[in-house]
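When a ligand or atom number is given, it counts from 1 through the structure's own listing order. Here the structure is a predicted model, which means the values were calculated and not measured.
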Amino acid sequence: MFFKKKKENANIDFDRLPKHIAFIMDGNGRWAKSRGQLRTYGHKVGAEALGDIIKHAQKLGIKYVSFFAFSTENWDRPKDEVDEIFRILREMIKQKKDSIINSDMRLMTMGDISRLPSDVVSEINDVIEKTKDHKGITVNIALNYGSRIEILRAINNIIKDGLKEVDEKTFRKYLYTSMIPDPDLVIRTSGEQRLSNFLMFQSAYSELYFPKTHWPDFREKELEKAIIEFQSRDRRFGKIKG
Ligand code: IPE
Ligand code: IPE
Ligand code: MG
């Protein structure tokens with residue numbers, strides 16, 4: 001593989017890549033503030049970082065990437081900031097839509113997107129529909145997502161379906177992530193060490209990584225560092241080493 005030969009990737013073992021990396025994209029506001037800018041500027045540059053990370057993950061051969069873009073709790077932020085986040089999302093879709101549809105990338109979302117501006121919802125749904133059979137990297141964006149609501153939604157749908165008891169395999173079918181594997185690695189930028197209601201069921205055995213870098217600065221090199229760190233971990237899944 002081409003990347004094996006590149007010096008800067010010399011430490012990545014391409015036979016042991018994480019299949020699924022999930023990102024809690026935190027620190028946009030602090031990043032902007034430290035530059036004397038508005039928080040929303042951080043979201044704008046954060047969106048650029050998101051694009052860079054998708055491209056690089058794809059080049060490295062990562063199969064699934066998830067991104068926490070907007071939580072069920074983020075509605076409690078000032079309306080101007082919330083509006084600006086969706087304006088940036090709208091712009092991004094407009095700019096990237098054609099190239100995504102013409103690539104082999106599959107887009108999916110998790111969360112109740114019906115509360116987002118309706119034009120954004122229909123554009124997202126259009127891209128999801130047009131990329132649903134794509135076989136390249138799966139890009140999963142969490143929008144109006146919260147793990148607790150996801151679990152409660154699953155339980156309520158199980159009740160609606162008339163099931164009296166479910167095992168883990170059946171329960172998983174009711175989660176937003178039914179089509180994708182659990183994350184092997186969860187990365188939260190900006191130094192906070194918490195999940196903030198992200199993939200709590202699915203990350204039960206994920207490796208967690210908390211770089212100090214704020215999200216807008218989290219680019220190619222940082223991703224490679226995270227993968228190298230992941231590969232140094234010893235995943236035991238409750239068993240004995242060896
Ligand atoms: C993450 O950055 C983006 C969203 C939650 C939408 P923040 O906006 O949380 O930035 P900080 O944590 O306040 O620096
Ligand atoms: C988590 O970040 C949500 C996203 C990255 C979208 P927050 O900034 O909202 O989380 P807290 O408030 O610090 O826990
Ligand atoms: Mg934050």
Side-chain angles (χ1 to χ4, degrees), residues 20-54 57 64-93 96 107-117 120-121 124 138-153 175-177 180 182-183 185-204 206-219 222-223 226:
H20 179 184
I21 307 180
F23 299 88
I24 302 174
M25 306 187 283
D26 198 20
N28 290 352
R30 277 164 283 169
W31 180 89
K33 211 178 151 202
S34 73
R35 281 163 177 74
Q37 301 273 357
L38 295 174
R39 292 178 54 82
T40 47
Y41 178 64
H43 297 315
K44 184 172 167 276
V45 181
E48 291 165 20
L50 168 69
D52 274 17
I53 291 298
I54 294 172
Y64 303 88
V65 280
S66 293
F67 297 92
F68 204 1
F70 194 85
S71 76
T72 45
E73 290 75 28
N74 288 148
W75 293 108
D76 294 333
R77 294 189 179 198
K79 188 177 181 298
D80 281 358
E81 179 169 342
V82 172
D83 289 348
E84 183 60 15
I85 289 171
F86 293 130
R87 198 194 62 74
I88 292 166
L89 183 63
R90 180 184 288 112
E91 274 304 301
M92 246 186 119
I93 301 169
K96 310 270 172 166
L107 182 76
M108 61 176 272
T109 58
M110 53 180 193
D112 177 12
I113 63 168
S114 69
R115 211 181 142 184
L116 272 52
V120 175
V121 175
I124 290 175
T138 295
V139 176
N140 174 32
I141 314 277
L143 289 163
N144 190 18
Y145 171 83
S147 213
R148 289 180 176 167
I149 281 196
E150 176 186 36
I151 291 168
L152 291 171
R153 171 181 171 272
L175 297 174
Y176 287 118
T177 49
I180 62 175
D182 286 344
L185 173 62
V186 176
I187 300 173
R188 181 177 187 140
T189 56
S190 88
E192 307 298 346
Q193 303 191 10
R194 55 177 174 265
L195 291 177
S196 300
N197 206 6
F198 187 57
L199 292 176
M200 293 191 305
F201 183 90
Q202 297 89 335
S203 65
S206 305
E207 292 300 325
L208 308 178
Y209 178 58
F210 303 108
K212 293 229 160 36
T213 316
H214 293 311
W215 178 256
D217 282 338
F218 194 89
R219 303 290 172 122
E222 299 288 330
L223 176 62

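- Under the 4.0 angstrom criterion for non-hydrogen atoms, Glu192 is not in contact with ligand 2.
- When Glu81, His214, Arg77 are checked for heavy-atom proximity to atom 8 (O) of ligand 1, Arg77 turns out nearest.
- Under the 4.0 angstrom criterion for non-hydrogen atoms, Glu73 is not in contact with ligand 2.
- Here the heavy atom of the protein found nearest to atom 1 (C) of ligand 1 is Met25 O, 2.8 Å.
- Checked by atom type and distance alone, the side chain of Asn144 pairs as donor or acceptor with a backbone atom of Asp112 at under 3.5 Å.
- The distance from ligand 2 to the heavy atoms of Phe70 drops below 4.0 Å at these ligand atoms: 6 (C).
- Of all heavy-atom pairs spanning Glu73 and Asn197, the tightest one is OE2-ND2, 3.1 Å.
- A donor-acceptor pair under 3.5 Å is absent between the side-chain atoms of Asp52 and the main chain of Ala49, judged by distance alone.
- Nearest non-hydrogen protein atom to atom 10 (O) of ligand 2 is Arg188 NH2, 3.2 Å.
- Counted by atom type alone, Arg87 and Thr40 present zero donor-acceptor pairs between their side chains at under 3.5 Å.
- Scanning all heavy atoms of the two residues, the minimum distance from Thr109 to Asn140 falls at C-OD1, 3.5 Å.
- Ligand 1 has at least one atom lying under 4.0 Å from a heavy atom of Gly27.
- A donor-acceptor pair under 3.5 Å is absent between the side-chain atoms of Trp31 and the main chain of Gly42, judged by distance alone.
- Atoms of ligand 1 lying under 4.0 Å from any heavy atom of Ile85, numbered from 1 in the order shown and given with element: 6 (C).
- The protein non-hydrogen atom at the shortest distance from atom 2 (O) of ligand 1 is Asn28 N, 3.2 Å.
- Atom 14 (O) of ligand 2 has as its closest protein heavy atom Ser196 OG, 2.6 Å.
- For Arg30, the heavy-atom gap to ligand 2 stays at 4.0 angstrom or more.
- Annotation for Lys44 and Ile88: closest pair N-CD1, 3.6 Å, computed over non-hydrogen atoms.
- The aromatic rings of Tyr145 and Phe198 sit perpendicular to each other, their planes meeting at more than 60°, with 30° as the lower class boundary.
- At most 12 non-hydrogen atoms from other residues, nucleotides or ligands lie less than 6.0 angstrom from CD1 of Ile149.
- Proximity to Arg194 (heavy-atom distance under 4.0 Å) selects the following atoms of ligand 2: 11 (P), 13 (O), 14 (O).
- Nearest approach of Val65 to Phe23, heavy atoms of both residues: CG1-CE1, 3.9 Å.
- Counting protein heavy atoms under 4.0 angstrom from atom 12 (O) of ligand 2 gives zero.
- When each atom of ligand 2 is checked for a heavy atom of Asp26 under 4.0 Å away, the hits are 2 (O), 8 (O).
- Closest protein heavy atom to atom 9 (O) of ligand 2: Asn74 ND2, 2.9 Å.
- The ligand atoms of ligand 1 that sit less than 4.0 angstrom from a heavy atom of Gly29 are 7 (P), 8 (O), 10 (O), 11 (P), 14 (O).
- Shortest contact from atom 6 (C) of ligand 1 to any protein heavy atom: Ala69 O, 3.4 Å.
- With contacts defined as side-chain heavy-atom distances shorter than 4.5 Å, the pair Arg39/Glu81 qualifies.
- You'll find the side chain of Leu116 reaches within 4.5 Å of the side chain of Leu143, heavy atoms only.
- The nearest N/O/S atom of Asp26 to the Mg ion (ligand 3) is OD1.
- Heavy-atom proximity to Ile24, at under 4.0 Å, picks out these atoms of ligand 2: 5 (C).
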